[in-house]
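These notes concern the structure reproduced below.
Below, read A as the first sequence line, B as the second, and so on, with proteins coming before strands; counting in each chain starts at 1.
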Protein chains: 2
Amino acid sequence: MVNYSTSEENYLKAIYRLNGAEATVSTNDLAQELQTKPASVTDMMKKLKAKKLLHYQPYQGFRLTAEGTKVALGIIRRHRLWEFFLAEKLRFTWDEVHEVAEDLEHVCNKKLIDRLDEYLGFPRVDPHGDPIPDMNGKMEVSKKICLSDLPLNSTAQVISVSDHSSDILELLEHMHIHIGTRLEVRKRFSFDDSMEIKAGRQAAFTISRQLSETIFVHFV
Amino acid sequence: MVNYSTSEENYLKAIYRLNGAEATVSTNDLAQELQTKPASVTDMMKKLKAKKLLHYQPYQGFRLTAEGTKVALGIIRRHRLWEFFLAEKLRFTWDEVHEVAEDLEHVCNKKLIDRLDEYLGFPRVDPHGDPIPDMNGKMEVSKKICLSDLPLNSTAQVISVSDHSSDILELLEHMHIHIGTRLEVRKRFSFDDSMEIKAGRQAAFTISRQLSETIFVHFV
DNA sequence: AAAATAATTTAGACAAATCTAAATCATTAT
DNA sequence: ATAATGATTTAGATTTGTCTAAATTATTTT
Ligand SMILES: [Mn+2]
Ligand SMILES: [Mn+2]
Ligand SMILES: [Mn+2]
Ligand SMILES: [Mn+2]
């Protein structure tokens with residue numbers, strides 16, 4: 001078990017995140033994701049390639065090797081377990097957990113994380129509804145539908161929210177929408193792509209396109 | 001609230017620890033404590049002096065300023081709270097907590113630490129019996145006596161152990177001696193400075209000079 | 001009070017992680 | 001097919017934290 005620097009870990013995690021969309025990640029995209037400069041990315045890519053954590057030929061973009069993916073999933077596991085801990089045990093709100101977990105995730109000690117996992121009761125998802133990899137690096141990726149794409153009159157359950165800001169949290173709390181809330185789409189308005197939904201036992205209300213595109217659901 | 005690097009924090013903590021014995025800390029002592037070279041210490045002392053965290057004139061040794069002491073106590077607070085968490089909540093043994101806490105202590109977020117403190121029930125001492133500074137940096141230093149100096153036939157209670165290794169833990173567990181155990185000294189043997197003690201409800205037994213010098217007690 | 005010894009600092013170097021500016025490669029439009 | 005544009009890499013510099021070896025200062029012995 002090799003240990004990686006905080007910087008290396010942040011690069012690996014970012015590549016993993018971007019990898020979802022496309023098969024190969026570009027220098028500029030990664031620089032933007034990490035709020036750094038392309039030249040810094042190239043330097044780090046050489047280093048990570050030398051450590052066999054990614055496939056990389058100059059000018060060709062890059063993608064994680066199997067080992068790189070394993071390391072990235074380990075970081076994501078730590079991050080999300082700490083987020084769960086902060087929300088569940090220390091009463092942090094949804095929008096506060098990420099920043100702290102960004103630091104805690106770099107404390108790399110298998111026993112610490114596995115014991116924390118056990119202590120928390122082996123949670124499957126973090127406070128934002130994102131899945132937590134298990135101690136073998138397995139992460140169950142449930143197929144989720146964007147609320148904006150949900151067919152009319154079918155009942156679904158909120159499983160995650162892709163924006164983690166306090167702004168969206170404020171709005172969701174106001175609307176009593178949480179991870180697990182059941183809802184259905186009653187009507188779509190083509191004027192502004194807003195939709196009327198019915199959530200829980202509340203009266204129907206409308207939500208903006210911006211919000212419906214941020215909420216992910218699955219059928220119940 | 002300024003933030004300090006992991007390296008700066010480790011220096012401050014080490015100076016605080018050494019400061020207990022003498023009024024001023026020397027370059028060589030600090031280098032030895034931190035397993036580094038005297039030249040590296042000098043470099044860092046210049047930096048910490050520039051940040052007004054310590055008093056330092058070349059060749060004259062150094063000591064923490066009030067601000068430096070405050071920062072050091074903050075680090076010690078984080079370290080010991082995490083040690084308590086690991087022992088109490090994650091079932092780590094006494095000898096395992098320090099190493100992990102060495103990393104966790106550098107995650108510096110006041111809300112995290114104050115909430116952790118609250119979650120743990122505001123513990124006063126860490127698993128080794130060392131006091132935990134409160135959120136204002138106050139640390140109650142109870143006057144402790146080394147077991148080797150305890151008068152004959154006076155009852156005392158174990159409050160801390162200055163060695164944190166698994167070797168001493170093994171021995172103490174075997175003897176059923178823990179933080180809080182009541183004991184009294186029955187006899188001293190000048191041949192090897194061993195002593196016979198009576199602990200709890202056990203039959204009297206002897207302990208080595210090495211062990212008695214590591215255990216600290218107070219009168220009950 | 002010198003000389004010897006020990007402690008400390010300085011000088012110069014290195015690795016990691018970053019940056020800016022220049023050079024190079026790839027892609028797109030004419 | 002060439003020129004223009006955009007993406008990427010290289011070159012060279014900077015900061016932080018460390019090191020070794022040499023120089024300096026302090027302390028101890030004779
Ligand atoms: Mn997060
Ligand atoms: Mn999350
Ligand atoms: Mn400790
Ligand atoms: Mn301790």
Start with the C-alpha gap between S165(A) and D163(A), add the side-chain angles, then the distance that decides, and say whether side-chain hydrogen bond (donor to acceptor under 3.5 Å, both in side chains) holds.
-> CA-CA 6 Å; S165(A) 71; D163(A) 181 323; 2.9 Å; yes
Do M135(B) and K110(B) touch side chain to side chain, with heavy atoms closer than 4.5 Å?
->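 They are in side-chain contact.
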With sequence neighbours excluded, residues passing ring pair (Phe, Tyr, Trp, His ring centres under 6.0 Å) with H106(B) = none
Results of ring pair (Phe, Tyr, Trp, His ring centres under 6.0 Å) for F92(B) - residues two or more places apart only | none
Can you check whether [X] has a side-chain N or O nearer than 4.0 Å to OP1 or OP2 of [N]?
X      : N       : answer
Y4(A)  : dA16(C) : no
K46(A) : dT9(D)  : no
S26(B) : dA7(C)  : no

Whole-Å distance between [N] [atom2] and [X] [atom1]?
X      : N       : atom1 : atom2 : answer
N28(B) : dT27(D) : CG    : P     : 14 Å
L48(A) : dT9(D)  : CG    : P     : 13 Å
Q57(B) : dT8(C)  : CD    : C1'   : 14 Å
E8(B)  : dT16(D) : CD    : C1'   : 9 Å

Across the strands shown, which category fits [X] at heavy-atom distances under 4.0 angstrom: base, sugar-phosphate, nothing?
X      : answer
Y56(B) : sugar-phosphate
T27(A) : sugar-phosphate
P38(A) : base

Is it true that E102(B) and K13(B) have a side-chain N and a carboxylate O under 4.0 angstrom from each other?
->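 So E102(B) pairs with K13(B) through a salt bridge.
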Under the salt bridge (charged side-chain N to carboxylate O under 4.0 Å, His left out) test, residues paired with R124(B) that sit two or more places apart = E140(B)
For nucleotides 18-24 of chain C, list the nitrogen or oxygen atoms of the protein found under 3.5 Å from its nitrogen or oxygen atoms, one pair per line.
residue: dT18(C); atom: OP1; partner: S7(A); partner atom: OG; Å: 3.4
residue: dT18(C); atom: OP2; partner: S7(A); partner atom: OG; Å: 2.7
residue: dC19(C); atom: OP2; partner: T36(A); partner atom: OG1; Å: 2.6
residue: dC19(C); atom: OP2; partner: K37(A); partner atom: N; Å: 3.3
residue: dC19(C); atom: OP2; partner: S40(A); partner atom: OG; Å: 2.5

Where is the tightest heavy-atom contact between D192(A) and R209(A), given as atom of each residue plus distance?
->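 Heavy atoms only, the tightest pair is O-CB, 3.8 Å.
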Does F85(B) have K89(A) sitting over its ring (NZ/CZ under 6.0 Å from centre, angle to axis within 45°)?
-> no
Any residue meeting side-chain contact (heavy atoms from CB on, under 4.5 Å) with K70(B), in chain and number order, not counting sequence neighbours |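 For K70(B) the side-chain contact (heavy atoms from CB on, under 4.5 Å) partners, ignoring immediate neighbours, are M1(B), E67(B).
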Taking pairs as Watson-Crick (N1-N3 plus N6-O4 or O6-N4) or G-U wobble (N1-O2 and O6-N3), each distance under 3.5 Å, the stems of three or more consecutive pairs with DNA chain C are C:1-30 with D:1-30
